[in-house]
Amino acid sequence: MTTKFRAVIFDLDGTLLNTLDDLADSANHVLRRLGLPEHDTEKYKYFVGNGIPKLIERILPADRQELHGRALEMFSEHYGAHSRDKTAPYDGIKDMLVRLRRLGLPLGVITNKAHLIALDVVDYYFGKGCFDCVRGLDDTIKAKPSPDGALDVAAKLGVQPSEVLYLGDTKTDMQTAVNAGFVPCGVLWGFRKRDELEENGAKYIISAPDEIFGILDGENA
């Protein structure tokens, strides 16, 4: 296969891994402990995507934001013990990654999870060496949609931003790709819908992981 892309970079939650149930369960556990109303799991598709502190802000009532620090600590403790109860790769993801590795394309991950947690999560679900570079949040970069992490990964993969196909499932991901100069590809199996992805810069939209190969060989260009 001949392709104009020299690397593929992925978002993590909602793109490679379905983490929604574990995130919702931990967040609702916190709300129960605090005596606050819980949220339906579907609503968490719109609460997640900008890091855990923002998630906590969104689940708390507007007039109870003073509980943010306590809730964040409680969430971190519970999620740390239960983050792998229901989380799993989406159907077709592992096969897609195997095929991409066979093509010799460098692969990366960018996530708003803390960097050390991101490394652990990726190694646990996909094994060491599946991805050439994994970048989570630390004190040196800003959260997506800032391009900081994205550009760091592209540099470490040795490619120019315009040579990167970036897959994500939310407007934050599409904005990240646009800000970094990547080619944005929205995925429909994750947390958000087509209109959000298109309105925020998606050049391609795919509904199954193996559709990426049509983009790479130019069929959907």
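In summary, the side chains of H78 and S26 do present a donor paired with an acceptor at a separation below 3.5 Å, with no hydrogens or angles considered. Between D22 and S83, the side chains place no donor N or O within less than 3.5 Å of an acceptor N or O (distance only, hydrogens not considered). Looking only at atom types and distance, the side chain of T170 has a donor-acceptor partner in the side chain of D173 under 3.5 Å away.
Distance CG/D25 to OG1/T41: 6.5 Å, rounded to 0.5 Å. Atom CG of residue L105 and atom CG of residue L165 lie 9.5 Å apart, to the nearest 0.5 angstrom. Distance NZ/K128 to SG/C130: 12.5 Å, rounded to 0.5 Å. How far CD1 of I9 is from CZ of F131: 11.0 Å, rounded to the nearest 0.5 Å. Of the inter-residue distances, the one linking D11 atom CG with T111 atom OG1 reads 6.5 Å to the nearest 0.5 angstrom. Remark: L20 CG to D13 CG distance equals 9.5 Å, nearest 0.5 Å.
Under the rule for a salt bridge (charged side-chain N to carboxylate O under 4.0 Å, His left out), the partners of D138 that lie at least two apart in sequence or sit in another chain are R135.
In the displayed structure, D63 atom CG is contacted under 6.0 Å by more than 12 heavy atoms of other residues, nucleotides or ligands. For D85, the CG atom is densely surrounded, since the number of other residues' heavy atoms within 6.0 Å is greater than 12. Within 6.0 Å of atom CD in E73, 12 or fewer heavy atoms from other residues, nucleotides or ligands are found, so the atom counts as exposed in its surroundings. Summarising the local packing, CD of Q65 is surrounded by more than 12 heavy atoms from other residues, nucleotides or ligands at distances under 6.0 Å. Heavy-atom contacts from other residues, nucleotides or ligands closer than 6.0 Å to CG of L36 number more than 12. Counting heavy atoms of neighbouring residues, nucleotides and ligands inside a 6.0 Å radius, atom CZ of R33 does not exceed 12 of them.
F47 and Y44 have perpendicular rings, their planes meeting at more than 60° on a 0 to 90° scale where under 30° would count as parallel.
F10 places a side-chain heavy atom less than 4.5 Å from the side chain of L97. Under the 4.5 Å side-chain criterion, counting only non-hydrogen atoms from C-beta, L188 is in contact with L197. Between F126 and L16, some side-chain heavy-atom pair lies under the 4.5 Å cut-off. P184 places a side-chain heavy atom less than 4.5 Å from the side chain of V178. In this structure, V153 and V134 have side chains that are not in contact, with every pair of non-hydrogen atoms separated by 4.5 Å or more. Counting only heavy atoms from C-beta outward, the side chains of F182 and V159 never approach each other to under 4.5 Å. Counting heavy atoms from C-beta on, the side chains of N28 and H39 come closer than 4.5 Å. Considering only heavy atoms from C-beta on, L103 comes within 4.5 Å of F213 through its side chain.
Ion pair R99/D95 not flagged as a salt bridge, since none of the NZ, NE, NH1 or NH2 atoms sits closer than 4.0 Å to an Asp/Glu carboxylate oxygen. Remark: K54 engages E57 in a salt bridge, criterion side-chain N to carboxylate O under 4.0 Å. Salt bridge annotation for D120-K113: absent, with no cationic side-chain nitrogen under 4.0 angstrom from a carboxylate oxygen. Look at R101 and D132 and you find a salt bridge, because one of the NZ, NE, NH1 or NH2 atoms lies within 4.0 Å of a carboxylate O, short of that distance. E66 has a carboxylate O that lies under 4.0 Å from a charged side-chain N of R64, or vice versa, which qualifies the two as a salt bridge. Look at R192 and D169 and you find no salt bridge, because none of the NZ, NE, NH1 or NH2 atoms lies under 4.0 Å from a carboxylate O.
Nearest heavy atoms, I215 versus F5: CG2-CE1, 4.0 Å. Across V164 and A154, no two heavy atoms sit closer than the pair CG2-CB, 4.4 Å. For the pair T15 and G168, the tightest heavy-atom approach, listed with the atom from each and the gap, is OG1-CA, 3.4 Å. The shortest heavy-atom contact between L151 and A180 is CD2-O, 3.5 Å. Scanning all heavy atoms of the two residues, the minimum distance from A88 to Y125 falls at CA-CE2, 4.3 Å. Closest heavy-atom contact between C185 and M174: O-CE, 3.5 Å.
Counting only distance, with no hydrogens or angles, the side chain of D210 and the backbone of G92 share no donor-acceptor pair below 3.5 Å. Put simply, the side chain of N200 never gets that close to the backbone of A202: no donor and acceptor are under 3.5 Å apart. Of the possible polar contacts, none joining the W189 side chain to the S207 backbone as a donor-acceptor pair under 3.5 Å is found. In terms of modelled atom types and a separation under 3.5 Å, the side chain of D148 and the main chain of K142 share a donor-acceptor contact. Side-chain N or O atoms of K144 include one that pairs as donor or acceptor with a backbone N or O of I110 at under 3.5 Å.
Linking ILVMFWY side-chain heavy atoms closer than 4.5 Å, directly or via other members, places I141 and L116 in two distinct hydrophobic clusters. Hydrophobic clustering of Ile, Leu, Val, Met, Phe, Trp and Tyr side chains at less than 4.5 Å, counting indirect connections, unites L12 with Y79. No chain of hydrophobic side-chain contacts below 4.5 Å, direct or via other Ile, Leu, Val, Met, Phe, Trp or Tyr residues, connects F191 to Y46. Residues L137 and I56 fall into different hydrophobic clusters, defined by Ile, Leu, Val, Met, Phe, Trp and Tyr side chains chained together at heavy-atom separations under 4.5 Å. Linking Ile, Leu, Val, Met, Phe, Trp and Tyr residues whenever their side-chain heavy atoms come within less than 4.5 Å leaves Y166 and V183 in two separate clusters.
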Open item on the list: Between L157 and L107, is the side chain to side chain contact (heavy atoms under 4.5 Å, CB included) condition met? List the steps.
Closed with: CA-CA 8 Å; L157 295 181; L107 305 180; over 6 Å; no
